[in-house]
Amino acid sequence: MPTVTQPLRDEHQELLPHIEHIRTVADRVGDIPSESLRRDVDEVHGFLAHHLIPHAEAEDRALYPVVARMLGAPEATATMRRDHVEIGRLTDELAGLCAQIGEGALPVPLAKGLRRVLYGLYALVKVHFAKEEEVYLPLLDARLSPDEARRLFENMEAAAKEAKAKH
């Protein structure tokens, strides 16, 4: 039976293949030609910058205030917001590393940096999603009415549109 948070669960399921792709690209660093790697890293960066970060901004603006209110503690979502900050920082770092990928063999320090950032992003985003799915969404399912959930997702959609326009 669907829950009131099913739209967010569905969105997470749509994002998961892209998140798995981050790990796949990290695994391929040093094993594929630089041109292919640059294209793959650029694709990962595009996903992060234009899809995942706007999703995170929508959560910050619309989802987390509701969770904090339900928990009776404004700071209850601070660690999740911090995850979003770090995802943004690593996404910026990834853009800088991607710009350094040239022709020919990948320099060892660059390969190490790419792996570190890509694996870091992968782990951070996977754990972040798990925390939402295992902690916040069951709380919302138990306490939100269908009308409250509808308003929450309308607010998230509006916030995501604004964030995408900004990026």
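The figures here come from the full heavy-atom set of this structure, side chains too, leaving out hydrogens, waters and symmetry mates.
- In summary, Arg61 and Glu57 do not engage in a salt bridge, as defined by a charged side-chain N under 4.0 Å from a carboxylate O.
- Closest approach of Ile22 and Leu118 over heavy atoms only: CG2-O, 3.2 Å.
- We find that Glu154 and Arg151 are not joined by a salt bridge, their nearest charged nitrogen and carboxylate oxygen being 4.0 Å or further apart.
- Expressed to the nearest 0.5 Å, how far CG of Asp83 lies from CG of Leu124 amounts to 5.0 Å.
- Using a 4.0 Å cut-off between charged nitrogen and carboxylate oxygen, Asp27 and Arg115 do not count as a salt-bridge pair.
- In this model, no donor atom of one side chain and acceptor atom of the other lie less than 3.5 Å apart for Tyr136 and Glu59.
- Heavy atoms only, all atoms of each residue included: Pro65 and Asp60 are closest at CD-O, 3.4 Å.
- Residues His55 and Phe47 place their aromatic rings such that the two centres sit no closer than 6.0 Å.
- A salt bridge does not link Arg38 with Glu35: none of the charged nitrogens is closer than 4.0 Å to a carboxylate oxygen.
- For the residue pair His21 / Glu43, a side-chain donor-acceptor distance below 3.5 Å is found, with atom types taken as modelled.
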Take Lys126 and Glu20, measure what side-chain contact (heavy atoms from CB on, under 4.5 Å) needs, and give me the verdict at the end. CA-CA 9 Å; Lys126 285 284 283 195; Glu20 289 301 322; 2.9 Å; yes
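- The minimum heavy-atom distance linking Pro138 with Glu133 is given by the pair CD-O, 3.2 Å.
- The two residues Leu121 and Thr91 have their closest heavy-atom pair at CD2-OG1, 4.1 Å.
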Take Leu114 and Val25 through the side-chain contact (heavy atoms from CB on, under 4.5 Å) test and state the conclusion after the steps. CA-CA 9 Å; Leu114 284 165; Val25 172; over 6 Å; no
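- Both Val135 and Met156 are part of a single hydrophobic cluster, where members link through side-chain heavy atoms under 4.5 Å apart.
- Clustering ILVMFWY residues whenever any of their side-chain heavy atoms sit less than 4.5 angstrom apart, transitively, puts Leu63 in a cluster other than the one holding Ile87.
- Residues Leu152 and Leu71 share a hydrophobic cluster, clusters being chains of Ile/Leu/Val/Met/Phe/Trp/Tyr side chains in contact below 4.5 Å.
- Note that CD of Glu132 is 4.0 Å distant from NE2 of His12, once rounded to the nearest 0.5 Å.
- At most 12 heavy atoms of other shown residues, nucleotides or ligands fall within 6.0 angstrom of atom CD in Glu157.
- Under the 4.5 Å side-chain heavy-atom criterion for ILVMFWY residues, a single connected hydrophobic cluster contains both Met70 and Tyr64.
- Atom CG of Leu90 and atom OH of Tyr119 lie 15.0 Å apart (nearest 0.5 Å).
- Under the 3.5 Å distance criterion, the side-chain polar atoms of Glu148 are matched with a main-chain donor or acceptor of Ser145.
- Under the 4.5 Å side-chain criterion, counting only non-hydrogen atoms from C-beta, Gln100 is not in contact with Leu106.
- Note that CZ of Phe129 and CG of Leu15 are 4.5 Å apart. Values are rounded to the nearest 0.5 Å.
- In terms of modelled atom types and a separation under 3.5 Å, the side chain of Ser36 and the main chain of Ile32 share no donor-acceptor contact.
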Under the salt bridge (charged side-chain N to carboxylate O under 4.0 Å, His left out) rule, what do Arg82 and Glu86 come out as? Steps first, then yes or no, please. CA-CA 6 Å; Arg82 182 62 185 94; Glu86 187 63 11; 3.7 Å; yes
Just do the side-chain contact (heavy atoms from CB on, under 4.5 Å) check on Thr3 and Gln6 with the steps written out, would you? CA-CA 5 Å; Thr3 62; Gln6 194 61 47; 3.9 Å; yes
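- A donor-acceptor contact shorter than 3.5 Å links the side chain of Ser34 to the backbone of Gly104.
- Scanning both residues, Phe153 and Thr5, for their nearest heavy atoms gives CZ-CA, 3.8 Å.
- Neither Val127 nor Leu52 shares a network with the other; the hydrophobic side chains, linked directly or stepwise wherever heavy atoms of I, L, V, M, F, W or Y lie under 4.5 Å apart, form separate groups for each.
- Taking a cutoff of 4.0 Å between a charged side-chain nitrogen and a carboxylate oxygen, Arg116 and Glu93 qualify as a salt bridge.
- Side-chain contact check for His50 and His45: no donor-acceptor pair (N or O, by modelled atom type) lies under 3.5 Å.
- In this structure, the side chain of Thr77 does not engage the main chain of Met80 through any donor-acceptor pair within 3.5 Å.
- We find the CZ-CG distance between Arg150 and Asn155 to be 10.0 Å, quoted to the nearest 0.5 Å.
- Enclosure of atom NZ in Lys112 is not indicated, since only 12 or fewer non-hydrogen atoms of other residues, nucleotides or ligands lie within 6.0 angstrom.
- When every heavy atom of Val41 is checked against every heavy atom of Cys98, the shortest pair comes out as CG1-CB, 3.6 Å.
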